[in-house]
Amino acid sequence: MLVVVWSLAALVAVNLALAGGVVFLRVRNDFRARRWHRIEGRWYPALLDLLAGDTTAATLLPYVQQSEVVPVLEICGRMVRRVSGDDRKIIRDFARPLLGGLGPMLGARQPEKRANAIQLLTSLGTDDEFRSEVVAALVDPSPLVSMVAARVVASRRRIDLASEVLGQLDRFEMWSEAFLASMLASMGSEIAPELRDSFSSSDCSSTVRSVTARALAEFRDLPASDIAAGFIQEDGQDDRVLMIASLRVIEAVGQTKHLEVVRPLLGHEDSVIRALAATILGKIGVAADGVALAAAVSDESPWVAIHAATALRLLGQIDTLRELSRTGDAGSEAALEALEMVAS
């Protein structure tokens with residue numbers, strides 16, 4: 001009986017503790033929200049007055065309390081994204097003397113706070129003012145912080161930090177390769193030599209090589225096509241992801257000299273690779289490729305079939321498509337769809 005009583009008492013104690021924790025968190029969050037609204041209510045109108053020329057930064061800055069530095073900078077960060085030109089400069093000039101107050105956030109235990117600090121520093125400061133902080137953030141233990149820094153580097157086209165970003169790609173597994181490739185491509189073709197080095201290096205991981213290949217394809221880097229063809233010919237069977245990325249490079253900037261490595265892939269066991277091979281043949285192939293493409297229209301994969309039919313259309317082999325459309329087999333629907341695209 002005593003054991004039952006103690007067990008019930010323990011359960012009650014645990015429930016009370018949980019309830020108390022919930023109440024504490026609710027009260028704390030409500031307090032923070034009220035504090036934020038109070039600070040925003042005072043400083044947002046003041047910053048609008050600053051933009052309107054009704055006051056000056058020198059007049060406002062003495063009124064920023066130490067406990068308000070971070071919230072005020074967050075308000076500035078939101079405003080600077082909404083304005084441009086002289087207005088952006090006015091906000092940045094006001095915020096610059098306060099940026100030193102972000103030091104504790106840069107060393108905070110929570111990755112979200114460190115990431116937010118980097119975002120504020122780089123949006124309110126100049127490119128060169130906080131270079132060392134950005135470089136440190138790239139190698140931060142948290143992938144989130146590192147990614148925020150990488151996006152800053154990419155958006156500002158900091159070519160001098162491109163190699164540092166490439167060195168962190170393996171850590172960004174939470175983000176898709178397509179996203180990472182677009183981020184790199186946004187830096188412009190000036191980083192193409194470094195991307196080519198990573199793409200061609202067997203010392204780099206498959207992920208890094210695939211991402212850099214996709215980025216090279218995005219800005220249509222012609223030399224990358226030779227690297228892609230070389231990989232397909234020598235090592236393609238060992239890495240499906242990199243094989244697909246290499247084919248996308250050839251799809252974007254391939255030349256007729258690359259046909260010899262693409263043609264055999266119409267018979268590859270992987271339907272995605274067969275479909276890409278068909279697409280490439282439609283773009284850089286010759287009339288003689290029509291025979292293999294016509295056979296591929298009857299591929300067991302509808303995806304491959306429609307890509308092969310589209311390739312025939314691009315090669316101008318309309319009569320072949322008409323013949324295939326009348327066969328009544330699996331490929332006839334793909335041929336008819338390609339013919340409809342001709343008519344439209």
Side-chain angles (χ1 to χ4, degrees), residues 32-33 35-108 111-138 140 144-162 164-165 175 179-180 182-191 219:
R32 288 177 175 175
R35 178 173 176 268
W36 167 259
H37 288 307
R38 186 173 63 252
I39 294 172
E40 185 179 40
R42 185 167 73 255
W43 280 104
Y44 192 78
L47 291 172
L48 290 178
D49 289 342
L50 178 65
L51 291 177
D54 296 334
T55 187
T56 64
T59 301
L60 292 177
L61 282 169
Y63 291 98
V64 182
Q65 301 174 22
Q66 187 62 35
S67 61
E68 296 179 339
V69 168
V70 173
V72 169
L73 286 174
E74 288 181 344
I75 295 169
C76 290
R78 283 183 0 201
M79 292 187 73
V80 83
R81 289 192 293 269
R82 299 173 183 171
V83 298
S84 59
D86 291 339
D87 287 346
R88 180 172 292 179
K89 184 178 184 303
I90 290 171
I91 296 295
R92 283 177 168 170
D93 288 344
F94 169 79
R96 187 167 287 112
L98 304 175
L99 292 175
L102 293 174
M105 282 183 69
L106 288 170
E112 295 81 5
K113 287 188 176 182
R114 300 197 301 274
N116 190 32
I118 289 296
Q119 191 72 56
L120 290 172
L121 281 177
T122 53
S123 63
L124 296 172
T126 65
D127 280 357
D128 295 323
E129 280 180 304
F130 301 102
R131 186 182 189 280
S132 60
E133 286 82 357
V134 172
V135 171
L138 283 170
D140 189 278
L144 171 65
V145 180
S146 184
M147 172 53 78
V148 168
R151 292 187 67 180
V152 167
V153 170
S155 65
R156 302 290 181 88
R157 295 195 169 196
R158 293 297 303 262
I159 310 302
D160 56 316
L161 295 177
E164 281 82 355
V165 173
W175 291 268
F179 172 82
L180 296 175
S182 293
M183 181 181 74
L184 292 176
S186 70
M187 298 180 73
S189 58
E190 293 86 350
I191 67 167
F219 49 69

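Values below: every heavy atom of this structure, side chains too, minus hydrogens, waters and symmetry copies.
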Student: Nearest 0.5 angstrom please: Met105 CE to Gln119 CD, how far?
Tutor: 11.0 Å
Student: Can you find a heavy atom in the side chain of Val165 that is under 4.5 Å from one in the side chain of Met183?
Tutor: yes
Student: On a heavy-atom basis, which atom in Ala149 and which in Val134 lie closest, and how many Å separate them?
Tutor: CB-O, 3.8 Å
Student: Nearest heavy-atom pair of Ser67 and Pro71: which atoms, and what distance?
Tutor: O-CD, 4.0 Å
Student: Kindly compute the distance separating CG (Leu98) from CD (Gln66), expressed to the nearest 0.5 Å.
Tutor: 9.0 Å
Student: Mark yes or no for whether Arg158, through its side chain, and Met187, through its backbone, hold a donor-acceptor pair below 3.5 Å.
Tutor: no
Student: Supply the atom-to-atom distance Arg88 CZ to Leu124 CG, rounded to the nearest 0.5 angstrom.
Tutor: 10.0 Å
Student: Passes salt bridge (Lys or Arg N to Asp or Glu O under 4.0 Å), Lys89 versus Asp86? Steps please.
Tutor: CA-CA 5 Å; Lys89 184 178 184 303; Asp86 291 339; over 6 Å; no
Student: Give me the atom names and distance for the closest heavy-atom approach of Leu47 to Cys76.
Tutor: CD1-SG, 3.9 Å
Student: Stepwise, does the salt bridge (Lys or Arg N to Asp or Glu O under 4.0 Å) test hold for Glu40 with Arg78?
Tutor: CA-CA 11 Å; Glu40 185 179 40; Arg78 283 183 0 201; 2.4 Å; yes
Student: Nearest 0.5 Å please: distance from the CD1 atom of Ile91 over to the CZ atom of Arg82.
Tutor: 11.0 Å
Student: Consider side chain to side chain contact (heavy atoms under 4.5 Å, CB included). Of Asp49, Ile39, Ile75, which one does Tyr44 pass it with?
Tutor: Ile75
Student: How far does OG1 of Thr55 sit from CG of Leu60, to the nearest 0.5 angstrom?
Tutor: 4.0 Å
Student: So, using side chain to side chain donor-acceptor pair (under 3.5 Å) as the criterion, who are the partners of Ser182 when residues are at least two apart?
Tutor: Glu218
Student: Are any of the side-chain heavy atoms of Leu48 and Met79 separated by less than 4.5 Å?
Tutor: yes
Student: Are the side chains of Phe94 and Val72 in contact, using a 4.5 Å heavy-atom criterion?
Tutor: yes
Student: I'd like to check Met147 versus Leu180 (side-chain heavy atoms, cut-off strictly below 4.5 Å). Are they in contact?
Tutor: yes
Student: Do Glu74 and Asn116 make a side-chain contact, defined as non-hydrogen atoms from C-beta onward lying under 4.5 Å apart?
Tutor: yes
Student: Looking at side-chain heavy atoms only, is the closest gap between Leu106 and Ile118 below 4.5 Å?
Tutor: yes
Student: Taking all heavy atoms of Ser123 and all of Val80, pick out the closest pair and write down the distance.
Tutor: O-CG1, 4.0 Å
Student: I need the Asp93 CG to Thr56 OG1 distance, nearest 0.5 Å.
Tutor: 12.0 Å
Student: For a quick test of reading the model, state the closest non-hydrogen atom pair linking Val145 to Pro111 and the distance between them.
Tutor: CG2-O, 3.4 Å
Student: Quick one: list whatever passes side chain to side chain donor-acceptor pair (under 3.5 Å) with Arg81, sequence neighbours left out.
Tutor: none
Student: If I compare all heavy atoms of Ile191 with all of Leu184, which pair ends up nearest, and what's the gap?
Tutor: CD1-O, 3.4 Å
Student: Is the CZ atom of Phe179 crowded by more than 12 outside heavy atoms at less than 6.0 Å?
Tutor: yes
Student: Pairs in or reaching into residues 114-124: which pass salt bridge (charged side-chain N to carboxylate O under 4.0 Å, His left out), with residues at least two apart or in two chains?
Tutor: Arg114-Asp140
Student: Do Glu164 and Val153 come close enough that some side-chain heavy atom pair is under 4.5 Å?
Tutor: no
Student: Can any side-chain N or O of Arg157 pair as donor or acceptor with the backbone N or O of Ser186 at less than 3.5 Å?
Tutor: yes
